[in-house]
Amino acid sequence: MAVSARRRRTGIAAWGFALPFTVLFAVFMLVPVASSLYMAFTDMRGRDLRSPWAVNFVGFDNFAEALADPKFQQAAGNTLYFVGVAMPLTLAIALLLAVLLNSGLAWFRSVFRVGFYAPVVTSIVAVAVVWRFLLQPDFGLVNSALGVVGIDGPRWLTDEVWAMPSLIVMATWRNVGYSMVILLAGLQGIPRDVYEASAIDGAGPVRQFWSVTVPLLRPTLLFCAVITGIGYLQFFEEPFVMTQGGPLGATNSVAYEIFNQFGFGNYGLSAAMSYILFVAIVILSYLQFRLLRTEK
Amino acid sequence: MATATRSRPLAPRALLLNVALLVGLVASVGPLVWMVVSSVKPEGEIRQFPPTLIPDEVTWSNYTELFAQLSFPRYFLNSVVVALAVTVGSVLFSAMVGYALAKLDFPGKRTLFALVMGTLMVPGMVTFVPLFVLVANLDLINTYAALILPFLAAPFGVFLMRQFMLDVPDELLDAARVDGAGEFRTFFRIVLPQARPALATLGILTFLGSWNNFLWPLVAVQSADKYTLPVALALYSTGQNTVQYGLLVAGATVIVLPILVVFLVLQRHIVQGISTTGLK
């Protein structure tokens, strides 16, 4: 009797702790998640904002429309291009920096670590503005530096070929530090004697990197790849600030297209596109788990 | 003696490695230094080719224009208010529910935890359209509430706090209860002080996330008096001030520099927090 009364009392207290979060979570997370699925199958538009229930179900029409839309196809291709280049590039540079920092030969380890991590804490909007200035073709720092060595730099952000690589370099610059810090922590978890043993077996530093470091770091690499990939699949601020998706849609991303369709008032279509992006995120995470899983 | 002879053949390798790291450091920090340097150049010098690495003339005119003519004090205040409210609220609520999930029994606990875990990976890109419809129907568009409330329910914070609370020793809680402390007293006097490192880590990450947040403030606010700094800068930079680079990099500096200073002060904490939680 006393036990059950006590349990009920702690149950009430526990709900007291859980309640503020739970109410907000239900309203601002569960309701939107559920209603985005609902909206994706309706023809909801901006004028239905105040009467979200007075709309028609259209089945998979929004999904079909999105997938058949050349602009969306281009945005999807651009997004794959961005993720496909920026993610491996980010991980490779992060791993290189982490290995260099962990080698015991670096002189000012903490200075380097802080410096490499600094871009991660910056606002993407702010640094996108700064990069637009750096890449300005006539007086920007990049083309000025190229001019010193006699190279006539392209008009980076208004050139169909160079616009996307420009965004990729900027995103890599901003995100390398995050993976580097995590990989560094992973490297410090590899016992020294594993390296000593492989050195006795005659392995040089390059051989050690491929046959000791990379296999033992697999789970950490996987984690960084998933987190980086999920972020990159949603890239939005970079084209918004730097190119407005141009030139000729060359840097339009799926996220930017979702935002634009929302802006045009096509809420149903926009919600459907969001779900396509979400499915892509889930698939990418799954593929990475498969690819980077310890080899049997 | 032995180390000296051993390190000599290594010296060229060490030099090479440190040069490589230095090149990386310049690439990493260079754009941020360039941002600050350029923000104090007059507009004419900014368009000079080749650019001056050290300003010939230092001027605050970009900043005076931002703060005297373009309502940046207002945007700055909005960003501070929103980031502080989101940080305090979401850390407190996450700690409370994390404690309940880790240490207490209540009906619905497993369901709540499953829902939190299920939404951990749902990105803002997927929910912003229905969230906008919801917030519009609650008549909260253009309010601080719209900018704050959705971020008080942060699944990641709950996950982090629950993980941490699991490690708080039960004996400590039992001792407090034996002494007659109620559940709330136990939480505020015993549990929260124990959780200080986790609270600090989550607090810093939440503040950063809110300060740099862009998509939702862009959507939820249409009147300029509620703009946060990133929204204001993005709209200026794509609108009437597209080519006023002096003004724009000064605006970028206003957003980035306070965060960089805080980061330098707390860097040990932040970097350790990132590598132990493994999430941003």
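Note that the structure is predicted; figures quoted are calculated from it, not measured. Numbers restart at 1 for each chain; the letters A, B, ... are given by sequence-line order, proteins then strands.
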About how many Å separate CE of Met180(A) and CG of Asn102(A), when rounded to the nearest 0.5 Å? 11.0 Å
Per-residue contact mode, Val262(B) against chain A (heavy atom under 4.5 angstrom): neither
Heavy-atom contact with chain A under 4.5 Å, split by part of Leu25(B): both
Given a strict heavy-atom distance threshold of 4.5 Å, which part of Leu183(A) is in contact with chain B: side chain, backbone, both, or neither? neither
Check whether Ile230(A) gets within reach of chain B through its side chain, its backbone, both or neither, counting any heavy atom under 4.5 Å. side chain
Phe132(B) side chain reached by Leu49(A) side chain, heavy atoms, under 4.5 Å: yes
If one checks every heavy atom of Ile255(B) against chain A at 4.5 Å, the contacting part turns out to be side chain
Heavy-atom cut-off 4.5 Å, strictly under: side chain, backbone, both or neither for Leu134(A) against chain B? side chain
Taking all atoms of both residues into account, what is the closest heavy-atom pair of Lys41(B) and Thr52(B), and its distance? NZ-O, 2.7 Å
Just give me the residue among Leu233(B), Leu17(B), Ile259(B) that pairs up with chain A most often, heavy atom to heavy atom, under 4.5 Å. Leu17(B)
Residue Phe240(A) versus chain B: region with a heavy atom under 4.5 Å: both
Let me know if Ala95(B) has heavy atoms under 4.5 Å from chain A in its side chain, its backbone, both or neither. neither
Can you tell which part of Leu229(B) gets under 4.5 Å to a heavy atom of chain A, answering side chain, backbone, both or neither? neither
For Val27(A), which atoms come within 4.5 Å of any heavy atom of chain B: side chain, backbone, both, or neither? both
Looking at every heavy atom in both Ile141(B) and Ala220(B), which two are closest together, and how far apart are they? CG2-O, 3.5 Å
Of the backbone (N, CA, C, O) and the side chain (C-beta and beyond), which part of Phe259(A) lies under 4.5 Å from a heavy atom of chain B, both, or neither? both
Between Leu100(A) and chain B, with a heavy-atom cut-off of 4.5 Å, which part of the residue counts as in contact: side chain, backbone, both or neither? both
Taking only residues at least two apart or on different chains, which pairs with a member in residues 207-216 of chain B satisfy side-chain hydrogen bond (donor to acceptor under 3.5 Å, both in side chains)? none
Quick check on Ser103(A) against chain B: is it the side chain, the backbone, both or neither that has a heavy atom closer than 4.5 Å? side chain
Between Ala40(A), Gly115(A), Gly16(A), which residue shows the highest count of heavy-atom pairs closer than 4.5 Å to chain B? Gly115(A)
Is chain A contacted by the side chain of Phe128(B), its backbone, both, or neither, given a heavy-atom distance below 4.5 Å? side chain
Would you please test Tyr256(A) and Phe235(A) for ring-ring contact (aromatic ring centres under 6.0 Å, His included) and show each step? CA-CA 8 Å; Tyr256(A) 198 21; Phe235(A) 83 111; 9.1 Å; no
Considering only heavy atoms from C-beta outward, does the side chain of Pro230(B) approach that of Phe214(B) to under 4.5 Å? yes
Using the ring centroid of each side chain, check whether Phe263(B) and Tyr117(A) are separated by less than 6.0 Å. yes
For Arg132(A), which atoms come within 4.5 Å of any heavy atom of chain B: side chain, backbone, both, or neither? both
Relative to chain B, which segment of Met44(A) carries a heavy atom at a distance below 4.5 Å: side chain, backbone, both, or neither? side chain
Can you tell which part of Val116(B) gets under 4.5 Å to a heavy atom of chain A, answering side chain, backbone, both or neither? both
Is the shortest heavy-atom distance from the side chain of Gln234(A) to the side chain of Ile281(A) under 4.5 Å? yes
Asp138(A) CG: over 12 foreign heavy atoms closer than 6.0 Å: yes
Carefully, step by step, assess Phe25(A) and Val158(B) under the rule side chain to side chain contact (heavy atoms under 4.5 Å, CB included). CA-CA 11 Å; Phe25(A) 178 68; Val158(B) 176; over 6 Å; no
Quick one: what part of Leu21(B) sits under 4.5 Å from any heavy atom of chain A, side chain, backbone, both or neither? both
Under 4.5 Å between any side-chain heavy atoms of Tyr236(B) and Leu247(B), yes or no? no
Contacting region of Trp107(A) [heavy-atom separation from chain B under 4.5 Å]: both
Would you call Arg45(A)-Asp48(A) a salt bridge at under 4.0 Å N-O? no
With chain B, the option among Val241(A), Val114(A), Leu19(A) that has the most non-hydrogen atom pairs under 4.5 Å is Val114(A)
Checking Val121(A) against chain B: side chain, backbone, both or neither under 4.5 Å from a heavy atom? both
Any side-chain donor paired with an acceptor under 3.5 Å for Thr238(B) and Gln244(A)? no
Relative to chain A, which segment of Leu22(B) carries a heavy atom at a distance below 4.5 Å: side chain, backbone, both, or neither? both
Portion of Ile46(B) that has a non-hydrogen atom of chain A nearer than 4.5 angstrom: both
In terms of heavy-atom proximity below 4.5 Å to chain B, should Leu30(A) be classed as side chain, backbone, both, or neither? side chain
With a 4.5 Å cut-off on side-chain heavy atoms, are Val127(A) and Pro119(A) touching? no
Against chain B, label Phe262(A) side chain, backbone, both or neither, depending on which of its atoms sit under 4.5 Å from a heavy atom there. side chain
Looking at Phe184(B), I want to see if its CZ is surrounded by more than 12 non-hydrogen atoms of other residues, nucleotides or ligands under 6.0 Å. yes
